[in-house]
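What follows is a single structure, written as structure tokens, with notes after it.
When a ligand or atom number is given, it counts from 1 through the structure's own listing order. Fair warning: this is a prediction, and the values are worked out from it, not measured in the lab.
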Amino acid sequence: MADLDQARRRLAEAQSVAVLTGAGISAESGIPTFRGSGGLWKNYRAEDLATPEAFARDPRLVWEWYNWRRESIAKAAPNPAHQALVKLEIDKPHFTLITQNVDGLHDLAGSGRMLKLHGDIWRMRCTSCGSNWPDRRPTLPKLPPHCACGGLARPGVVWFGEPLPEGIMKEAEHAAASAHVFLVIGTSAVVYPAAGLVPFAKQSGASVIEINTESTAFSGSVDFALQGPAGELLPKLL
Ligand code: BV8
Ligand code: ZN
């Protein structure tokens, strides 16, 4: 595969690498993606449940969805794609992993320099006193959970219509702007502002390498669009 060889050479020469990952990188760990098959829960789409309005209307239903996801994520282990990114982080003088995923598999694999654009499913936040804390129990005994202060607890993630953590997109844009190579792995690139990092990296002069089992809106404009599972292709790129 000439493309793969060329992309491998480009990555080998790069001193500064930034990576954007989406749910597809965790697919081979057994976690359903959002928009692929198997991603639905009781016929609800992520866009229906991952919103402040859905939570205000029915916190118990939203927490049932998160309990279902926590249970399947708790059984999942990082796959060779997550591990390849840990190796890349060690090999490169400048490396930033920007993830849309909330599953924590990059943490389990050992990634260090990471920007979690959409939060972390293993953290809780109180809707009353604002405190936030880790909770790694695969399923929660009582739904919806409450904070010690008695307030209703919510998952520590960013829902649709909510702003990303303060300053995190600036940091992600800085990493993308200074990257020689920008890897885009396992994302349908439909969720913004995260997806905007792909054209931003390209305009800033990075060589963009996409790894996805399908083509996306950006496949025609990246430098290398490598079609295949991340768990197979990414280790071959190193
Ligand atoms: C915001 C956390 C503003 C929750 C998630 C333009 C500018 C700004 C905003 C918008 C805009 N246009 C629209 C918006 C609104 C909205 C948005 O983007 N909507 C979309 C649906 C059109 N954006 C927002 O609301 C964002 N907030 O902009 O706020 C603001 C500012 C100030 C004040 C108030 C408001 C917040 C977005 C965050 C939403 N939260 N998740 C949770 O997870 O519970 S998003 C959710 O989608 C996940 O994080 C997920 O990661 C993300 C993206 O999906 P993907 O990761 O790409 O997953 P998907 O299933 O789609 O695709 C998987 C891909 O993998 C596929 O391509 C598949 O082919 C591939 N694949 C499968 N298997 C493999 C594989 N690839 C490789 N190997 C494999 N084995
Ligand atoms: Zn509280």
Protein non-hydrogen atom found under 4.0 Å from atom 14 (C) of ligand 1: no
Shortest protein contact, atom 35 (C) of ligand 1 (heavy atom only): Gly161 O, 3.3 Å
Carboxylate-amine/guanidinium contact Arg113 Glu171, below 4.0 Å: yes
N/O separation below 3.5 Å, Tyr66 to ligand 1: yes
If only protein N, O or S atoms under 2.8 Å count, total around the Zn ion (ligand 2): 4
Residue Glu166 excluded, over 12 heavy atoms near CD under 6.0 Å: no
Residues which pass side chain to side chain donor-acceptor pair (under 3.5 Å) with Gln100, listed by chain and number, not counting sequence neighbours: Thr187
Exercise check, heavy-atom protein proximity under 4.0 Å to atom 63 (C) of ligand 1: yes
Centroid-centroid under 6.0 Å between Phe55 and Trp159 rings: yes
Per-atom contacts, ligand 1 versus Ala230 - under 4.0 Å to a heavy atom: 77 (C), 78 (N), 79 (C)
Lys170: partners by salt bridge (charged side-chain N to carboxylate O under 4.0 Å, His left out), with sequence neighbours left out: Glu173
N or O pair under 3.5 Å between Gly186 and ligand 1: yes
For Lys87, all residues meeting salt bridge (charged side-chain N to carboxylate O under 4.0 Å, His left out), sequence neighbours excluded: Asp91
